[in-house]
Every structure is written in structure tokens, then in C-alpha cells.
Amino acid sequence: GAGVSQSPSNKVTEKGKDVELRCDPISGHTALYWYRQSLGQGLEFLIYFQGNSAPDKSGLPSDRFSAERTGGSVSTLTIQRTQQEDSAVYLCASSLGGVTEAFFGQGTRLTVV
Amino acid sequence: RKEVEQDPGPFNVPEGATVAFNCTYSNSASQSFFWYRQDCRKEPKLLMSVYSSGNEDGRFTAQLNRASQYISLLIRDSKLSDSATYLCVGGFNQFYFGTGTSLTVIP
């Protein structure tokens, strides 16, 4: 499809395990965002990639969280040693860059048990 | 201080009512603004862009007040299907989301 694709759509993991979440942005979109949304809460900014610039990591909640964007396209969000409070929907969005319309993927629902 | 702030609500209004949401932004250099809609357990989707001159799309009107640094969304003749969370977005070189305002339209 032509939209933002995230995988997996659902992930259940045991506390202490590492997880990787994947985001395929829309082709040609240079900006990519990761957000986290807990049930009934607003979007929590995690990280922002723009082209080849250094990413804005100011939203990452701890050093257990990291993200990469390879070749300016696919991005992976990694959570190490998962905790129960990491349970949330992780949303990825991409845009043409700057403050232009962003399109969201359907999210990955992460449950840490 | 958050880049973008909005009243979380909830707003509970009867069908046919007019409801308005405001959102303030802290960076006076912010250039572009949008309103997104998020349905329960779904991803946010663009509702409309906000232009300096204000813009209207059917029952929805968006306005920007640069002097006071706020944007607004007006929904006229509310429908049950308008029930959702409305998120404002703005920024300078990257965008920032407000936490959203919850709207429930009651029959």
C-alpha cells in the first residue's frame, strides 16, 4: 500500500525481553516521527528523524529506548529490558518534512506481561 | 512549557450544537498548523489545515490568531459521528501535537 506501514500490529512480550518495532514510511517522506500513546492518554513524542540530520531524541523516556532510521527510509524502535509501564500503542508518522501534513501508521500495540 | 496545549475536555454536547476548541502554542515562529481527529483505538488522521486567513470545510471552521498564539476549531450542527478526540498540531521546523480534546455528541 501507499500508506505508513507498521509491524507487528500487536506484540505481547515478557517483562525484561527486548522488542523491535518497525515503521515503513511513505516513499519520499523525509521526516519520520515515533509517538507512544497509553490508553486514554494523549500522544507522547519519542523521537524525530529529518533526512540526514541528527535525530531529535528528546522524547525518549529512558536509555532503554533507541531508534534507527536506515537509508532514510525504514525505522526501527527498540525497547530493551521491557517493563510493564512500556505497554502502550506505538505510532509512527511520516511527512514530506518540516511542518507538513503527517500520515500515521496504524500503530503497534505492545503489551508487556 | 509544552509547545502546544489544549483543554482535554471532555466536551459533551447535544446533537445540533455548535462547539469550539482552542489550542495555544508557545513558539511564535511556528509556521504551520493542523487539526487532526482520532477515533477510539485508531490512529490520528488529518481533519484540516489551518490557514492564516481562516478556512472552512463544511461544518468545520479553523482559525489562527497569531497575535494571541492560538488556533481554534469550530464545529457547527454537531453530529453523533463527530464524537472523537481532536488534536491540534503546530510547529516551526517540526510539528508538536497537543494532548487532544475529547468530544462526545449526545443524541
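In the text below, chain A, chain B and the rest are named by the order of the sequence lines, each starting its count at 1.
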Asks: Would you mind telling me which of A:Gly42, A:Gly107, A:Ala102, A:Ala31 has the largest number of heavy-atom pairs within less than 4.5 Å of chain B?
Replies: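 The candidate making the most pairs under 4.5 Å is A:Ala102.
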
Asks: Around atom CD of A:Glu68, are there more than 12 heavy atoms from other residues, nucleotides or ligands closer than 6.0 Å?
Replies: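 It does not: A:Glu68 CD has 12 such atoms or fewer within range.
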
Asks: Report yes if the distance between the aromatic ring centroids of B:Tyr36 and A:Tyr35 is under 6.0 Å, otherwise no.
Replies: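 B:Tyr36 vs A:Tyr35: aromatic centres not under 6.0 Å.
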
Asks: Which bit of A:Gln37 comes within less than 4.5 Å of chain B, counting heavy atoms only: side chain, backbone, both or neither?
Replies: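 Just the side chain, heavy atoms under 4.5 Å.
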
Asks: Heavy atoms only, distances under 4.5 angstrom: which of A:Phe45, A:Tyr33, A:Phe103 has the most pairs with chain B? Name it, please.
Replies: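 Heavy-atom pair counts peak at A:Tyr33.
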
Asks: Rounded to the nearest 0.5 Å, how far apart are CD of B:Glu15 and CG of B:Leu80?
Replies: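 Answer rounded to 0.5 Å: 4.0 Å.
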
Asks: Please flag which part of B:Gln94 lies under 4.5 Å from any non-hydrogen atom of chain A: side chain, backbone, both or neither.
Replies: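 Answer is both: backbone and side chain atoms of B:Gln94 are under 4.5 Å from chain A.
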
Asks: Do A:Gln50 and A:Thr30 pair up side chain to side chain, a donor and an acceptor below 3.5 Å, judged on atom types alone?
Replies: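 Distance-only check passes for A:Gln50 and A:Thr30.
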
Asks: Roughly how far apart are B:Leu73 CG and B:Phe33 CZ, rounded to 0.5 Å?
Replies: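 Between atom CG of B:Leu73 and atom CZ of B:Phe33 there are 14.5 Å.
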
Asks: At a 4.5 Å cut-off on heavy atoms, which part of B:Phe92 comes close to chain A: side chain, backbone, both, or neither?
Replies: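 Only the backbone of B:Phe92 comes within 4.5 Å of chain A.
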
